[in-house]
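Chain identifiers are assigned alphabetically (A, B, ...) following the order of the sequence lines, protein sequences preceding nucleic acid strands; residue numbering begins at 1 within each chain.
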There are 2 protein chains.
Amino acid sequence: MPRKPRKGDVAADEAVYGAIRRAMHMGRLTPGTKLQEPALARVLGVSRERVRKALHRLVHEGWLTAIPNRGTFVPSLTVEEMREIYDVRSMLEAAIVRRLSEGHTTAAAKRLKAHVAEEKAATRRDDRGRLFELSGEFHVLLAELCGNEELTRLLRGLLTRSTMHFSLAAPRQLTNCAGPHDHGDIAEAILGGRADRAAKLMLGHLAGLVTMQAARPPQHEPIDLPQAFRGIKARRPERD
Amino acid sequence: MPRKPRKGDVAADEAVYGAIRRAMHMGRLTPGTKLQEPALARVLGVSRERVRKALHRLVHEGWLTAIPNRGTFVPSLTVEEMREIYDVRSMLEAAIVRRLSEGHTTAAAKRLKAHVAEEKAATRRDDRGRLFELSGEFHVLLAELCGNEELTRLLRGLLTRSTMHFSLAAPRQLTNCAGPHDHGDIAEAILGGRADRAAKLMLGHLAGLVTMQAARPPQHEPIDLPQAFRGIKARRPERD
DNA sequence: CTCCAACAGGATGTGCACATTTCTTGACGT
DNA sequence: ACGTCAAGAAATGTGCACATCCTGTTGGAG
């Protein structure tokens with residue numbers, strides 16, 4: 001047998017972290033909800049310290065907001081914050097597509113084409129869940145193709161915040177991006193070496209997303225914690 | 001009176017965090033050094049849990065590297081990592097100066113001029129310490145003038161990582177930037193509305209920094225913890 | 001009837017002690 | 001003499017219990 005999962009396992013931390021993140025992703029937790037540690041520990045079936053650790057991590061990553069001696073809360077997102085995040089993404093991603101347009105390896109071109117093809121396939125199958133994942137990974141992929149791990153990490157964090165806005169504001173709407181249509185055009189411009197066009201398309205793409213989100217008013221349906229985490233519990237870590 | 005600082009105070013956490021950060025900033029901690037919790041707790045005069053919390057935060061922010069069941073270590077920085085960080089900075093800061101060149105408020109212009117003047121004054125006084133601070137703040141100031149808090153926070157983190165390279169590789173060399181000369185030229189281009197020139201100057205400025213750092217080989221003088229934290233202890237928080 | 005203050009209940013924060021893992025030192029066998 | 005293994009020690013990770021703080025409530029005074 002591999003190991004005794006009896007006591008402390010590093011996977012347990014990830015499980016709690018992932019459970020909370022998944023609940024937010026599903027829109028179960030509305031902004032302003034207080035995540036009290038004892039209740040979460042009971043619901044998830046783990047010790048309070050483990051919940052505390054996960055909560056601290058989530059606070060540090062910007063998913064939650066902590067007030068000293070008060071507790072941790074699901075943040076109330078303003079349209080201003082969303083605009084700022086997309087503004088930074090515009091700066092970075094415009095530079096990224098410019099750089100890729102000006103030069104990239106054949107392996108990079110191959111990966112890019114493969115990704116666009118997969119997005120189109122998911123669209124044809126009408127696989128909303130898979131398309132949601134792929135849409136987000138497209139932007140991370142572009143960062144990866146630059147060969148800069150720091151850039152990839154940074155953009156991944158920004159994308160996480162972006163999807164948080166989607167999750168909290170419009171969880172039903174499972175669309176991470178306006179659609180694979182834009183992505184295909186951007187990829188085409190990159191492969192064709194048209195830097196200005198690629199940058200322009202990316203800026204328009206991001207602008208379209210921000211307007212799409214700004215139009216949706218957040219829904220307020222406060223529910224209790226046990227109901228929010230129904231069926232989620234602690235599964236496998238599941239990468240970001 | 002404000003409050004009883006008798007027991008647990010939020011300032012204590014910041015003090016420990018700042019003490020370790022200051023030790024790294026002074027070059028007291030060489031790459032590869034293991035920061036063991038009991039020793040740090042003894043030296044700083046705080047409980048082990050407080051050291052643990054600060055260490056976890058520093059690890060999460062990228063200052064330290066943690067290995068499960070092994071401890072936390074001062075990372076060995078490669079020139080590749082440094083190149084990546086400056087690459088991301090180039091993308092962001094070029095976009096920043098472009099935006100500022102295309103439009104900024106009179107208040108922004110005033111702050112920018114004041115900062116450049118202060119840098120020149122510090123140079124005249126040959127105040128290396130103050131110039132070191134100002135040089136770093138110049139780049140943060142540009143982000144602030146864009147009116148985007150997310151951007152400011154991100155760039156501040158990037159700058160922190162940049163100075164970490166300086167601190168670990170060449171702590172003696174108290175120069176955060178090539179000099180106020182470049183900053184003055186960049187500010188002039190921004191105020192004059194010359195976006196292309198400002199971006200070009202900024203890229204050249206950052207390129208100059210990366211070559212300056214790459215030329216310095218890291219020095220290896222492993223010293224023990226009590227000696228490294230001599231005279232540092234726990235002072236006031238002191239903002240980043 | 002309204003407002004203020006003291007009190008009880010509960011949640012967060014922290015120090016402490018123990019379990020587990022890893023590194024070191026020493027001895028044994030080849 | 002060198003490599004291997006085992007036992008002790010130290011450091012890390014974790015659960016537990018208590019101290020502190022906040023919040024909602026109740027009682028009384030104006």
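For the pair B:Asn69 CG and C:dT21 C1', the computed distance is 5 Å after rounding to whole Å. A:Arg50 has its CZ atom 7 Å from the C1' atom of D:dT14, to the nearest Å. In this structure, CZ of B:Phe73 is placed 13 Å from P of D:dA11, rounded to the nearest angstrom. Between the CD1 atom of A:Ile67 and the C1' atom of C:dT12 there is a distance of 13 Å, rounded to whole Å. Straight-line distance from the CG atom of B:Leu64 to the P atom of D:dT12: 13 Å, rounded to whole Å. Regarding A:Glu37, its CD atom lies at a distance of 16 Å from the P atom of D:dC22, rounded to whole Å. The interatomic distance linking B:Gln36 (CD) with C:dT24 (C1') rounds to 14 Å, in whole Å.
In this structure B:His104 satisfies the ring pair (Phe, Tyr, Trp, His ring centres under 6.0 Å) test with no other residue, sequence neighbours excluded.
Using a cut-off of 4.0 Å between Lys/Arg side-chain N and Asp/Glu carboxylate O, B:Arg130 and B:Glu133 are scored as salt-bridged.
The B:Lys34 side chain lies nearest to D:dA11 when the options are D:dA11, C:dG13, C:dT22. Candidate nucleotides C:dT14, D:dG15, D:dT12 were compared by shortest atom distance to the side chain of B:Lys53, and C:dT14 ranks first. Here the nucleotide nearest the side chain of A:Arg52, chosen from C:dG13, C:dA11, D:dT23, is C:dG13.
For the residue pair B:Glu137/B:His115, the side-chain donor-acceptor check at 3.5 Å is not satisfied.
Applying the 3.5 Å distance criterion, the base of C:dG13 shares a donor-acceptor pair with the side chain of A:Arg48.
Residue B:Arg70 is the one, among B:Arg70 and A:Arg70, whose nearest nucleotide of DNA chain D lies closer to the 5' end (criterion: closest heavy atom).
Annotation: side chain of B:Glu144 is in contact with side chain of B:Arg156 (closest heavy-atom distance under 4.5 Å).
Nucleic acid contact class of B:Glu49 (heavy atoms, under 4.0 Å, all strands): base.
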